[in-house]
Structures are given as C-alpha cells and as structure tokens.
Amino acid sequence: MRIAVPAESDKNETRVAATPETVKKFKALGAEVIVQSGAGTASGFADADYVAAGASIAESAAGAVDNAEIVLRVRRPSAAEVAGAARGAAVVAIVDPFGHEKELQQLAASGVAAFAMELMPRITRAQAMDVLSSQANIAGYRAVIDAAAEYGRAIPMMMTAAGTVPAAKFFVMGVGVAGLQAIATARRLGAIVSATDVRPATKEQVESLGAKFIAVENDEFRQAETGGGYAKEMSPEYQAAQAELVSAHIAKQDIVVTTALIPGRPAPKLISAAMARSMRAGSVIVDLAAERGGNCELTKPGEIVIDSGVKIVGAVNLAGRLPATASSLYAKNLLAFVETLISKETKTLAIDWQDELVKATALTRDGAVIDPRFAPKA
Ligand code: NAD
C-alpha cells in the first residue's frame, strides 16, 4: 500500500500533511510512504528526516502520487494533482467544499474518494482526528502573539524605577477552541482578560481561566447552544443588546481578539467601525474570522488596516504561522483517521462505507460527488 505526501501547491500554505513521526507510524502499519522533495521544508522537516523515518523521496508531485492508494494533503488537490493515483484512492485533506462544487466534481471525476477532515463529527471516538480543534487551538495562541507584536506597549504590568507600566486589557470575543487558547495565552503574558460568547457553557470556562465573562444573559442566551455544541445565529434584538454592552466595554480595551463563527453562516459582525474607532490609538484588533467575512466591519482578510490609529489585523491561516506545531498536530489527526481506513489483516486500503466517520467526511466515490450538499443539482 502506497501513501503519497505531495507538497502543497498553494504557495501560502506552510503546513505539511505528514511528519517524520507519522511516517514511522505508517511504515509500522505496513505502508510504503512517498514524500515529494521539499514537502516539509516550510515546516522545518527536511527530506533527510523523512528518509530517516523510512519514507522514499519523489522529485515531483506526480512521482509521489503515482499509483498511491492514499494521498495526504493539507488543502484540496486539483484533479490533475491526483491524476496518477490508483483508482478509488483515498484523498484526505481539508477539502473546503462550500462554494467549490466545481472543483469537487472534477475531483470526483478523477475517480478518487475525497475525505474532508473538517467535517469530522465532534464525538469522543473522533477527538484525535479533530483538525478544526487542533488548528483553532494554534490559531488562538498565535493571534495573541501577533497582537502583542503589533501592540506598541508592554502586555504585563511592570513596576520600574522609571515608572509603572499598566497591564494591557485584552478582550476575547467568541470562546470556542481558539478563544479559550487566546484567553489562556493572554493571561500567561500578564494581561487583564475579559471575554464574551453567546453560549452559556462558556461562562464557567472563561472564569476558570481567570478571565471576566461579559454577555447579555437573557432567555435567548440561555438557549443559544445547538445540540451539536455550536452557537445559533442570534436575533436582531439580541444583537442590538449585545452591541450596546460591547461598545461600552470595547472603548476601554487595548487588544481585542475575535473568533466568533456560526457553522454554515457568515461570521457575525460584532464590532462596528464606530466601536473600533472608539478604542484609543495604538490599540489592536486581531480578527480570526477574517476569512469568513470578519467579526469587525473594518477587517480586510490578509491585511492590516489602520483606522483612527487602531490596527485591525485580518488574520488568515494563523495556524500556518506556526507551521511545525500545526503540521505535527494535523499529521497526527490524519494518522488517526487513516488508521481506520486500513485493514490490519491485509494491510491494504479497506474503507468501511458504513462507518459514521466515513459517512460524515466522504465527499466523492466511484466518479460521483456523494454528499448531497455539494452534488450537481438535477
Ligand atoms: P466555532 O469556531 O464554531 O465558533 C467560535 C465561537 O464563537 C463559539 O464559541 C461560538 O459560540 C461563538 N459565537 C458565535 N456567535 C457569536 C456571537 N454572536 N457573539 C459571541 N460569540 C459568538 O466554535 P468551535 O471552537 O468549533 O467550538 C464549538 C463547540 O464545539 C464548543 O462547544 C466546543 O467546546 C465544542 N467542541 C467539542 C469537541 C468535541 O467534543 N470533540 C471538540 C472541539 C470543540
């Protein structure tokens, strides 16, 4: 069984889908692993490290993918990039199918079975495969590091002979995986931290990290969490009350990290232009929701906007800014999933199409898009 690890074709992608550590584990499962030369360079893994772990190196992507039964990627490959793979090969990646139905159909037509890791159900059995959590955790950490670097003042309180430096006030909006890590990181830097979310469960989590919880805690708030643990889209009335509370609070903050998302919807707009401008010059907003439309009205994805002296950072692929750590965790997520696709007896690809993890993540099979959400409309 051949497992291919081609280099990422997106020049901005610094992560890699397998590390020398996971290559060793795949070898132990009886697989042959072929890594494209340079695939791990941006993450700090040299070709020689992969060879030492038992992989062979291919000079080109086509050479790596040739006859592979499993192709591991960070981002969705094009159909051409998997053209040489074995018929029915499993392509495992963050496929990002929403709005990319055409690319998905082309991938299906190439005969591979594409699995979207980001659609993995958040159940106990799949915890080790949860790429959303592994990458959001790093993004939350990196957002605080970036915010601190952009901020022209110190974060912790300093008492010096030349005077006292006050601690920075940090406000985290959206307390999922990324937000919790942002709170913990800001606290470690010595900031005074507050946070908000619409899900009641987050109150205790915020307080257990030593931060202050701020939210409109009405009846709608008490019912804002879906059965799946995600936030609902809030009513215009709730949003207005939330905006009033936030606008009074935000004017007194030095750094704001926003991470608020609603599955399948544009990111909620939590910071109006006026609210951002009410912060004092030199303040920083890092918007982790930039790629989904942004939580701040002034956000531009991939850019730092300076408005009234306030820096608004439109954060994109923050996990990729910590490529070695992000790749290590991502590669382990893939290993945990791929193990379920391999037969221990025959040591070959043996996809159980009835497995709930397979059902939730499989997008293409036998030439067709099998997830009705992305299939061509009749
Ligand atoms: P997410 O990325 O979907 O959203 C980030 C946060 O934004 C969420 O906490 C959400 O409540 C919040 N938000 C949405 N609208 C908002 C608004 N208008 N104002 C303020 N905040 C708003 O979230 P996530 O990090 O993917 O986590 C979602 C849930 O999944 C959480 O309950 C988390 O604990 C849970 N989870 C479970 C598992 C597991 O069981 N294996 C793993 C990871 C996360």
Side-chain angles (χ1 to χ4, degrees), residues 94 96 98 117-143 171-184 194-206 208-209 211 213-218 220-247 249-250 256-272 275 285-297 315 318-319 329-330 332-333 336-337 356-357 360-361:
I94 299 171
D96 188 19
F98 293 94
M117 287 300 288
E118 72 272 37
L119 299 180
M120 195 65 71
R122 283 178 143 172
I123 55 173
T124 308
R125 184 182 155 220
Q127 255 176 6
M129 310 166 196
D130 186 349
V131 299
L132 290 182
S133 291
S134 76
Q135 305 303 293
N137 180 43
I138 293 173
Y141 164 80
R142 184 72 216 200
F171 183 37
V172 177
M173 305 185 75
V175 192
V177 178
L180 285 173
Q181 185 56 260
I183 294 172
S194 57
T196 188
D197 201 295
V198 291
R199 290 183 299 111
T202 58
K203 181 174 183 165
E204 198 190 317
Q205 295 165 357
V206 166
S208 73
L209 287 170
F213 188 69
I214 287 165
V216 177
E217 298 183 46
N218 61 11
E220 189 175 349
F221 169 83
R222 281 183 274 280
Q223 288 153 25
E225 182 159 327
T226 66
Y230 289 100
K232 290 181 188 159
E233 193 163 29
M234 305 305 273
S235 69
E237 293 74 33
Y238 186 92
Q239 287 178 38
Q242 187 185 30
E244 198 182 320
L245 181 74
V246 166
S247 64
H249 186 66
I250 220 168
V256 181
V257 172
T258 70
T259 77
L261 292 174
I262 302 154
R265 304 281 311 145
K269 284 276 177 289
L270 302 177
I271 307 178
S272 66
M275 283 188 214
I285 298 172
V286 176
D287 190 345
L288 257 74
E291 279 167 284
R292 297 267 298 274
N295 291 141
C296 175
E297 239 171 52
L318 267 186
L329 299 180
Y330 180 73
K332 282 191 199 157
N333 293 147
F337 179 55
E356 62 178 323
L357 306 186
T361 55

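We count ligands from 1, going down the list as the structure has it; atoms in each ligand are counted the same way.
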Are any of the N/O atoms in Glu225 less than 3.5 Å from those in ligand 1? no

Look only at interatomic distance and state if Ser133 has a nitrogen or oxygen under 3.5 Å from any nitrogen or oxygen of ligand 1. no

Quick one: look up the protein heavy atom nearest atom 33 (C) of ligand 1 and list residue, atom name and how far away it is. Arg199 NH2, 4.5 Å

Check each atom of ligand 1 against the heavy atoms of Tyr230 and keep those under 4.0 Å away; list them by number with element. 3 (O), 26 (O), 28 (C)

N/O to N/O below 3.5 Å, does that happen between Thr202 and ligand 1? no

Distance to 0.1 Å, residue and atom name: give those for the protein heavy atom nearest to atom 26 (O) of ligand 1. Arg122 NH1, 2.5 Å

Which atoms from ligand 1 have a heavy atom of Gly176 less than 4.0 Å away? 6 (C), 8 (C), 9 (O), 25 (O)

Determine the sole option in Asn295, Leu288, Val256 for which the side chain to side chain contact (heavy atoms under 4.5 Å, CB included) test with Met173 is passed. Val256

min-distance protein heavy atom vs atom 17 (C) of ligand 1 -> Val198 CG1, 3.6 Å

Would you say that Gln127 contacts Ser133 through its side chain, given a criterion of any heavy-atom pair below 4.5 Å between the two side chains? no

Is it the case that atom OH in Tyr141 sees more than 12 heavy atoms from other parts of the structure closer than 6.0 Å? no

Does Met173 come within less than 4.0 Å of ligand 1, judged by its heavy atoms? no

Of the side chain and backbone of Gln242, name the one, both, or neither that has a heavy atom under 4.0 Å from an atom of ligand 1. side chain

For atom 13 (N) of ligand 1, is there a protein heavy atom at a distance under 4.0 Å? yes

For ligand 1 and Gly229, I'd like to know whether there is a polar contact (N/O to N/O, distance under 3.5 Å). yes

Atom 1 (P) of ligand 1 sits nearest the protein heavy atom Leu261 CB, 4.1 Å

Residue Glu217 excluded, over 12 heavy atoms near CD under 6.0 Å: yes

Val177-ligand 1 polar pair, N/O distance under 3.5 Å: yes

At a 4.0 Å threshold, what atoms of ligand 1 neighbour a non-hydrogen atom of Asp130? 42 (C), 43 (C)

If you define the side chain from C-beta out and look only at heavy atoms, does anything of Met120 sit under 4.5 Å from Asp130? no

Any N or O on Lys232 sitting closer than 3.5 Å to an N or O of ligand 1? no

Please work out whether the ring planes of Phe171 and His249 are parallel, tilted or perpendicular, with thresholds of 30° and 60°. perpendicular

